[in-house]
K.L.:
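First, the structure itself, so that you have it in front of you.
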Amino acid sequence: MVITASTCRTETVFDYSWGHVVAAYWNRYPNPSSTHVLTEDTIQREVRDGKLYSRRLLSKTNPVPKWGARFYNNAPVKIVEDSVLDPVKRTFTTFTRNLGMKKIMKVDEIVVYTEQKDGSTLAVRRAYISSQVFGFSRAIRAFGIERFKLNSNKASNGFNYVLRRMFPQHQLNTSASTSSTGHASVTSQQQGESIVNTPCHSNTVTLKSAAKIGYEFMKSHAIKIAQLFSVRN
């Protein structure tokens with residue numbers, strides 16, 4: 001079996017403490033950059049082994065190019081978000097995936113927020129995008145990559161808007177910076193954040209290789225989250 005996969009990664013440094021970023025995360029919506037987010041509901045939350053496990057259901061909508069109208073009618077898509085907050089290791093991990101339109105475009109995204117030595121917070125966002133639409137997979141994946149990068153910038157802008165409103169006196173007096181492996185370039189920078197995009201790429205590979213590409217990083221986080229939140233019969 002052969003599938004086509006695309007991956008992308010971005011990094012953002014928020015000029016706020018990890019505690020502030022985590023507190024603001026639950027209050028991200030609404031904000032001026034999140035008009036595509038229609039609803040959000042917490043459907044499960046519990047503390048186990050000193051960690052906070054949450055599952056939320058969101059509905060989002062995004063405009064599509066004209067050529068995409070034949071596959072997608074721009075109806076809201078349900079997104080499930082699992083997360084684990086570890087106050088000891090000072091990490092916060094979220095894993096999101098779309099429930100609808102998966103054959104057209106499936107997007108698995110993982111974001112890890114970690115505390116930095118200078119007191120700021122680093123968010124590493126990775127996405128694995130695939131499509132099963134024969135003949136249009138490459139165009140759909142390219143669209144998905146561009147949408148991912150656009151939404152990453154929107155999410156960071158909206159997050160900073162919320163952080164500034166919640167903690168107006170607590171922005172760090174540090175110069176935010178990021179680094180990444182490979183060739184990287186700063187694509188946007190605003191007060192309190194620095195975003196770095198590493199090259200996104202597409203490959204046609206076997207299912208086994210695609211899994212390695214898309215889920216190598218997710219194995220240690222997303223699979224555990226999914227298992228912990230598996231539906232009990």
K.L.:
Just how far is it from atom CG of Leu57 to atom CG of Asp41, taken to the nearest 0.5 Å?
P.N.:
6.5 Å
K.L.:
May I ask you to check whether Trp26 and Phe92 place their ring centres under 6.0 Å from each other?
P.N.:
yes
K.L.:
Please report the closest heavy-atom contact between Val47 and Leu52, naming both atoms and the distance.
P.N.:
CG2-CD1, 4.0 Å
K.L.:
Rounded to the nearest 0.5 Å, what's the gap from CZ on Arg45 to OH on Tyr53? Could you check?
P.N.:
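Answer rounded to 0.5 Å: 14.0 Å.
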K.L.:
Under 4.0 Å between a side-chain nitrogen and a carboxylate oxygen: does that hold for Glu81 and Arg28?
P.N.:
yes
K.L.:
A side-chain contact here means heavy atoms from C-beta on lying under 4.5 Å apart; do Ser6 and Tyr128 qualify?
P.N.:
no
K.L.:
Does the distance from a Lys or Arg side-chain N to an Asp or Glu carboxylate O, for Arg55 and Asp82, drop under 4.0 Å?
P.N.:
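A salt bridge links Arg55 with Asp82.
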K.L.:
Please enumerate all residues that pass ring-ring contact (aromatic ring centres under 6.0 Å, His included) together with Phe148, with sequence neighbours excluded.
P.N.:
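So Phe148 forms no ring-ring contact (aromatic ring centres under 6.0 Å, His included) with any residue.
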K.L.:
Using the ring of each side chain (for Trp, its six-membered ring), is Tyr16 parallel, tilted or perpendicular to Phe167, with breaks at 30° and 60°?
P.N.:
tilted
K.L.:
Could you please spell out the steps behind the side chain to side chain contact (heavy atoms under 4.5 Å, CB included) verdict for Glu146 and Leu150?
P.N.:
CA-CA 6 Å; Glu146 292 305 312; Leu150 176 63; over 6 Å; no
K.L.:
My understanding is that only residues two or more places apart in sequence, or in another chain, count here; which of them pass ring-ring contact (aromatic ring centres under 6.0 Å, His included) with Tyr29?
P.N.:
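Partners of Tyr29 under the ring-ring contact (aromatic ring centres under 6.0 Å, His included) test: none.
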K.L.:
Any ion pair linking Glu109 and Arg126 (charged N to carboxylate O, less than 4.0 Å)?
P.N.:
no
